[in-house]
Student: 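For reference, the structure I am asking about is given below.
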Number of protein chains: 2
Amino acid sequence: MVRNFPEPEVFKADCPTQQVLETIADKWSVIVIYALSKGTRRYSELQRLIGGVSQKMLTQTLRKLERDGLVERHVYPVVPPKVEYSLTPLGKTLTELLKAICKWAEIHLDEIEAARVHYDERIDR
Amino acid sequence: MVRNFPEPEVFKADCPTQQVLETIADKWSVIVIYALSKGTRRYSELQRLIGGVSQKMLTQTLRKLERDGLVERHVYPVVPPKVEYSLTPLGKTLTELLKAICKWAEIHLDEIEAARVHYDERIDR
DNA sequence: CTGTATCCTGTAGGATACTG
DNA sequence: CAGTATCCTACAGGATACAG
């Protein structure tokens with residue numbers, strides 16, 4: 001299923017860029033990175049901070065980000081356990097971009113909402 | 001389930017910013033917008049251009065983007081049917097940001113790949 | 001406290017067939 | 001050509017229980 005497109009583009013199914021997108025174009029990933037952008041956080045802090053995230057998804061997201069080298073995990077050998085998460089330098093370079101996305105969303109919120117209402121009005125009949 | 005956080009943040013489950021993220025933090029949306037960034041495309045062009053997208057997902061994504069006012073749909077009343085898609089002005093403002101994300105992905109591809117290999121080596125044993 | 005393991009359900013999304 | 005409709009399955013992701 002590996003066809004040969006002339007363009008070295010994002011369009012190829014096996015394009016590695018898409019694999020990266022899988023990670024960062026994900027709701028929880030964006031939010032977690034956003035939450036860590038202000039500094040180190042403990043696991044439980046993140047859980048409290050992010051409303052509506054399940055334990056499973058939080059852990060899963062953190063592992064994925066750690067694997068991609070965006071987040072660093074530091075375990076203190078104490079009891080009870082203490083684990084801190086922070087952005088790596090690589091992660092920090094991404095932060096600015098994601099913030100820009102979030103800012104875009106905030107700015108154009110009304111515009112989008114209006115578009116949706118308009119669209120739905122045309123459809124519902 | 002609407003708790004009252006002090007921060008007017010992305011963390012609230014009902015935050016409208018999250019709703020916007022649902023749309024644009026999506027793999028196919030990013031790719032479709034990317035594909036339209038160079039100009040108007042017909043439905044079938046998009047389908048050919050984007051490797052690995054199913055008819056269902058393409059239509060679904062286009063509808064979602066149209067609803068949010070990011071994409072415009074123009075139907076020519078001819079037979080056989082001809083439908084063209086293009087970015088709205090609003091959609092174009094987003095293009096630059098998404099391109100930046102894609103560019104980031106390209107630039108840091110190696111770094112991420114290396115991090116993954118490193119991570120997996122530590123785990124597999 | 002910071003997880004992992006298991007179960008269970010809804011649904012995203014592919015394949016296929018059909019229509020204006 | 002540009003879709004909609006239907007079926008079907010894999011897997012995302014919540015709830016719960018348990019462990020180090």
Student: Judged by atom type as modelled, is there a donor-acceptor pair below 3.5 Å linking the side chain of A:Q60 to the main-chain atoms of A:M57?
Tutor: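 Answer holds: no.
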Student: C:dG3 phosphate, OP1 or OP2: any side-chain N/O from A:Y85 under 4.0 angstrom?
Tutor: yes
Student: Verify whether one side chain among A:Y34 and A:T95 offers a donor that lies under 3.5 Å from an acceptor in the other.
Tutor: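 A:T95 and A:Y34 do not have a side-chain donor-acceptor pair below 3.5 Å.
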Student: Let me test you: for the helix from C:dC1-D:dG20 to C:dG20-D:dC1, what is the angle between the axes at its two ends (five pairs each), rounded to 10 degrees?
Tutor: 50°
Student: Taking only residues two or more places apart in sequence, or in another chain, which ones meet A:V75 in a side-chain contact (heavy atoms from CB on, under 4.5 Å)?
Tutor: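 Counting only residues at least two positions away or on another chain, A:V75 forms a side-chain contact (heavy atoms from CB on, under 4.5 Å) with A:R73, A:V83.
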Student: Look at the side-chain N and O atoms of B:R42 and state whether any lies under 4.0 Å from the OP1 or OP2 oxygen of D:dA2.
Tutor: yes
Student: Run the side-chain contact (heavy atoms from CB on, under 4.5 Å) test against B:R67 and tell me which residues pass, sequence neighbours left out.
Tutor: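 With sequence neighbours excluded, B:R67 shows a side-chain contact (heavy atoms from CB on, under 4.5 Å) to A:R116, A:Y119, A:D120, given in chain and number order.
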Student: Do you see a donor-acceptor pair shorter than 3.5 Å between the side chains of A:H108 and A:E111?
Tutor: yes
Student: Send over the distance from A:L62 CG to C:dT2 C1', rounded to a whole Å.
Tutor: 11 Å
Student: What is the separation between atom NE2 on B:H74 and atom C1' on D:dC1, rounded to the nearest whole Å?
Tutor: 16 Å
Student: For a quick check, with a 4.0 angstrom heavy-atom cut-off, what is the B/S/- contact string for nucleotides 4-14 of chain C, read 5' to 3'?
Tutor: B--------BB
Student: To the nearest Å, give me how far apart CG (A:L58) and P (D:dA12) are.
Tutor: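 Rounding to the nearest Å, CG of A:L58 and P of D:dA12 are 17 Å apart.
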Student: To the nearest angstrom, how far is B:Q47 atom CD from D:dG3 atom C1'?
Tutor: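 Rounded to whole Å, this separation is 10 Å.
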Student: May I have the distance from A:K64 (atom NZ) to C:dG3 (atom P), rounded to whole angstrom?
Tutor: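 One finds 17 Å between P of C:dG3 and NZ of A:K64, rounded.
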Student: Sequence neighbours left out, what passes side-chain contact (heavy atoms from CB on, under 4.5 Å) with B:A115? Give chain and number order.
Tutor: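 By the side-chain contact (heavy atoms from CB on, under 4.5 Å) rule, B:A115 matches no residue at all.
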Student: Any pair with a residue in residues 50-79 of chain B that passes ring pair (Phe, Tyr, Trp, His ring centres under 6.0 Å), sequence neighbours left out, goes on the list, sorted by first then second residue, please.
Tutor: B:H74-B:Y76
Student: Test your reading of the model: is there a side-chain donor-acceptor pair from B:T88 to the backbone of B:L70, 3.5 Å cut-off?
Tutor: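 Yes: the side chain of B:T88 pairs with the backbone of B:L70.
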